[in-house]
Structures are given as structure tokens and as C-alpha cells.
Chemist: 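Here you go, one structure.
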Amino acid sequence: MKGFLKIVLLLCAVITTVACSRPNRKHETVDPLPVKYENELFSIAMPSGWEVDDSGWLGLDSMQNEVEIYSHNAPVWFHIVKTFMPIQWKNVNEATEMAIAARALSGANAELIKRTDSVEVGGYPSSILYFANAVDNDTIIQKQYVTYLEDSHIVIYFNENFYSNQWDEAQKYGDKIIGSVKLKKVVNPLEKNNAMKETIQKAMDGNKIQKEYIEKGKKIVKEAK
């Protein structure tokens with residue numbers, strides 16, 4: 001009987017040892033933003049299945065620099081724009097005032113409904129402008145992060161777009177993606193007068209921009225100083 005008891009205790013000891021020797025399964029954290037897009041000015045991460053259209057990103061020495069990021073299954077989509085004028089604003093507040101003036105210049109049917117200052121994107125100072133756009137029977141909100149890169153005098157807009165009835169869900173989703181943005185220190189080629197003139201002329205020759213638009217833009221810049 002004693003021998004049998006020893007065998008049972010031995011088996012229990014072996015089973016316990018084997019069980020303890022199994023590796024503990026730790027909770028594996030799944031990266032919610034595993035996909036990365038990057039160009040010469042910034043990088044941004046997004047969930048799997050999202051699509052990027054950067055056919056409008058033509059380089060830092062071009063007038064047109066736009067990136068579209070979207071998913072048909074998400075409540076928010078992004079329109080990212082690097083602005084053209086390389087103006088040495090005093091701070092992001094001046095750049096934000098210019099953004100408001102530029103929206104008025106565009107003639108877009110958009111109402112500024114909210115503004116939030118003293119935020120950051122990728123370590124650079126930003127302000128948030130909320131514009132409401134009436135589209136058919138819906139209202140689309142554009143949450144525009146106006147971000148000023150002081151070292152290169154570049155202003156870039158990170159626009160979150162969503163329907164007003166998805167206000168909370170869309171921003172919660174979109175802000176995580178904006179939080180992944182990393183901005184790069186670059187030399188702005190358009191700060192050279194000759195390069196800027198050549199770029200403007202090339203754009204007008206290609207019918208991508210009207211001279212009238214340039215003149216209105218210069219007027220707004222002059223009044224903003």
C-alpha cells in the first residue's frame with residue numbers, strides 16, 4: 001500500500017512539474033494600425049484593409065500635394081493637403097487664420113462651427129477647425145488639423161471627414177490614426193523665389209490653376225500680415 005501511495009505521489013509530482021513547465025500564454029497585443037504610408041514629408045499608420053490614393057502628391061516643389069486615405073467600412077475618411085504658399089508665419093495661429101481665409105476664398109459652402117487651439121500633430125503645433133458642409137440631406141463635418149512646421153514653414157492640413165450623426169464614433173476612430181502621424185524636418189524648395197515662380201507658371205501652363213486664384217491668394221496673404 002505504501003509503495004502504491006509513493007507511485008501516486010510521484011505521478012502527481014511529474015504532472016505538476018510538466019504543467020508548470022508549460023510557457024504561460026501572455027495576452028498578445030494586436031496592433032490596431034499595422035499598415036503604414038510614408039512620403040517625403042510625413043508618415044501615417046492605419047488599420048488593415050484601408051486604401052491610399054497619393055496620385056495627387058506630386059512632390060514638395062509642386063503646387064499639388066494631396067493624399068486620400070479611406071475605408072468603405074469606417075465612419076471616417078481622410079484628406080491630407082500640404083498647402084502651397086511657403087510663408088514664414090509667426091505661429092500656428094496665423095497659419096490657422098489663413099486656413100479660414102482660404103476656405104472663404106474657395107467659395108465652399110462650409111460653416112466654421114468650432115475651433116480648438118494648442119494641440120499637436122507629430123510634435124508640431126496645430127489648431128483644429130471644424131467645418132460643417134451641407135450635402136444633400138446630410139451634414140458632413142470636416143475636422144481640420146492645421147499643422148505648422150516652423151523649421152520649413154510648411155503648413156499641412158490633416159482632414160478627418162465624417163457625417164455629423166457619427167460625431168463621437170468617427171473622431172474616436174480618426175484621432176487614433178492622426179495620433180500615429182510623424183512629420184519630417186525638410187528643406188522647403190519653394191522658399192526659393194525662382195523655384196516658386198517656375199512652379200506657379202508650370203501649374204498655370206498645365207491649366208491646373210488659374211492666375212486669378214493666385215492673385216486672390218496673394219491679396220489674402222497681404223491682408224493677413
Chemist: I'd like to check Glu68 versus Asp54 (side-chain heavy atoms, cut-off strictly below 4.5 Å). Are they in contact?
Modeler: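 Not in contact.
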Chemist: Identify which one of Tyr145, Trp77, Tyr130 satisfies the side chain to side chain contact (heavy atoms under 4.5 Å, CB included) criterion when paired with Glu160.
Modeler: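 Answer after filtering Tyr145, Trp77, Tyr130: Tyr145.
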Chemist: Any side-chain heavy atom of Phe162 sitting closer than 4.5 Å to one from Gln171?
Modeler: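 The answer is yes, as the side chains (C-beta and beyond) meet within the 4.5 Å cut-off.
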Chemist: Please assess Tyr148 against Ile156 for the test side chain to side chain contact (heavy atoms under 4.5 Å, CB included), listing each intermediate value before the final yes or no.
Modeler: CA-CA 7 Å; Tyr148 183 41; Ile156 184 167; over 6 Å; no
Chemist: Identify the two heavy atoms, one from Asn39 and one from Leu41, that lie closest to each other, and give their separation to 0.1 Å.
Modeler: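 What the structure gives for the nearest pair is OD1-N, 2.9 Å.
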Chemist: Please give me the minimum heavy-atom distance between Ala170 and Pro75, naming the atom from each residue.
Modeler: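 Nearest pair, atom of Ala170 first, then Pro75: CB-O, 3.7 Å.
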Chemist: Give the intermediate values and the outcome of side-chain hydrogen bond (donor to acceptor under 3.5 Å, both in side chains) for residues Asp151 and Tyr124.
Modeler: CA-CA 10 Å; Asp151 38 37; Tyr124 284 90; 2.7 Å; yes
Chemist: Does the side chain of Glu191 reach to within under 4.5 Å of the side chain of His153, using non-hydrogen atoms?
Modeler: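 Glu191 vs His153: side chains touch.
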Chemist: Nearest 0.5 Å, please: how far is CG in Asn93 from CZ in Arg115?
Modeler: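 Answer rounded to 0.5 Å: 5.5 Å.
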Chemist: Which pair of heavy atoms, one from Thr139 and one from Ala132, lies closest together, and at what distance?
Modeler: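 So the two residues come closest at CG2-CB, 4.0 Å.
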Chemist: Is the positively charged end of Arg103 above the ring of Phe131, judged by distance under 6.0 angstrom from the centroid and angle within 45° of the axis?
Modeler: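 Yes, Arg103 lies over the aromatic ring of Phe131.
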Chemist: Verify side chain to side chain contact (heavy atoms under 4.5 Å, CB included) between Leu60 and Val186, making sure each step is shown before the conclusion.
Modeler: CA-CA 9 Å; Leu60 298 182; Val186 299; 4.0 Å; yes
Chemist: Would you name the heavy atoms of Val119 and Thr116 that are closest together and state the gap between them?
Modeler: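 It is CG1-CG2, 4.2 Å.
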Chemist: Does Glu40 form a salt bridge (Lys or Arg N to Asp or Glu O under 4.0 Å) with Lys82? I'd like the steps, not just the answer.
Modeler: CA-CA 12 Å; Glu40 65 266 49; Lys82 182 191 80 65; over 6 Å; no
Chemist: Is there a side-chain contact between Val67 and Phe78 (heavy atoms, below 4.5 Å)?
Modeler: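 With C-beta onward as the side chain, the pair stays apart.
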Chemist: I want to check something: taking the side chain as every heavy atom from C-beta on, are Gln142 and Asn133 in contact at a cut-off of under 4.5 Å?
Modeler: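 Sidechains of Asn133 and Gln142: in contact.
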Chemist: Nearest 0.5 Å, please: how far is OG in Ser127 from CD in Glu97?
Modeler: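 Going from CD on Glu97 over to OG on Ser127, the span is 9.0 Å.
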Chemist: Would you give the length of the straight line joining atom OG of Ser152 to atom CG of Leu149, rounded to the nearest 0.5 angstrom?
Modeler: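 The OG atom of Ser152 sits 4.5 Å away from the CG atom of Leu149.
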Chemist: Would you say that Ile80 contacts Tyr157 through its side chain, given a criterion of any heavy-atom pair below 4.5 Å between the two side chains?
Modeler: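 No, side chains not in contact.
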Chemist: Please report the closest heavy-atom contact between Val146 and Ala99, naming both atoms and the distance.
Modeler: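 That closest heavy-atom pairing would be CG2-CB, 4.0 Å.
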Chemist: Would a distance-only check, ignoring hydrogens and angles, find a side-chain to backbone donor-acceptor pair under 3.5 Å from Ser180 to Ile177?
Modeler: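 Yes; at least one donor-acceptor contact below 3.5 Å.
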Chemist: Examine Val181 and Ile128 and state if one hydrophobic cluster contains both, with Ile, Leu, Val, Met, Phe, Trp and Tyr joined whenever side-chain heavy atoms are less than 4.5 Å apart.
Modeler: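 Result: yes, single cluster for both.
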Chemist: Is there a side-chain contact between Lys184 and Glu38, using heavy atoms and a 4.5 Å cut-off?
Modeler: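 Yes. Closest side-chain heavy atoms under 4.5 Å.
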Chemist: So do the side chains of Ile141 and Ile113 get within less than 4.5 Å of each other, counting heavy atoms only?
Modeler: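 Yes, at least one pair of side-chain atoms sits under 4.5 Å.
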Chemist: To the nearest 0.5 Å, what is the distance between OH (Tyr37) and CD1 (Ile44)?
Modeler: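 Answer rounded to 0.5 Å: 10.0 Å.
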Chemist: Examine distances only and state if a side-chain atom of Lys114 and a backbone atom of Lys143 form a donor-acceptor pair shorter than 3.5 Å.
Modeler: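 Not confirmed, Lys114 side chain does not pair with Lys143 backbone.
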Chemist: Apply side chain to side chain contact (heavy atoms under 4.5 Å, CB included) to residues Glu51 and Ser71 and explain how you reach the verdict.
Modeler: CA-CA 6 Å; Glu51 298 182 49; Ser71 169; over 6 Å; no
Chemist: Over 60° means perpendicular and under 30° means parallel, so tell me whether Tyr173 and Trp50 are parallel, tilted or perpendicular.
Modeler: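 Ring orientation of Tyr173 relative to Trp50: parallel.
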Chemist: Hydrophobic cluster membership, with links at side-chain heavy-atom distances under 4.5 Å among I/L/V/M/F/W/Y: are Tyr70 and Phe158 in one?
Modeler: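 No, because Tyr70 and Phe158 fall into different hydrophobic clusters, even though each may have its own neighbours under 4.5 Å.
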Chemist: Give, for atom CD1 of Ile178 and atom OG1 of Thr147, the distance between the pair rounded to the nearest 0.5 Å.
Modeler: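 Ile178 atom CD1 to Thr147 atom OG1 measures 8.0 Å (nearest 0.5 Å).
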Chemist: Does NZ belonging to Lys176 count more than 12 external heavy atoms closer than 6.0 Å?
Modeler: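 For Lys176, atom NZ is not crowded (no more than 12 foreign heavy atoms under 6.0 Å).
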Chemist: Between Tyr163 and Glu169, is the side-chain hydrogen bond (donor to acceptor under 3.5 Å, both in side chains) condition met? List the steps.
Modeler: CA-CA 10 Å; Tyr163 289 98; Glu169 180 187 4; over 6 Å; no
Chemist: When you measure from the side chain of Asn65 to the backbone of Val81, do you find a donor-acceptor pair of N or O atoms at a distance under 3.5 Å?
Modeler: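 No, the answer is negative, given that no donor and acceptor are paired below the 3.5 Å cut-off.
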Chemist: So does Lys90 pair up with Glu150, basic N to acidic O under 4.0 Å?
Modeler: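 Result for this pair is no, no salt bridge flagged.
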Chemist: Measuring from atom CD of Gln64 to atom CG of Leu58, what distance do you get when rounded to the nearest 0.5 angstrom?
Modeler: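 So the gap between those two atoms works out to 4.5 Å.
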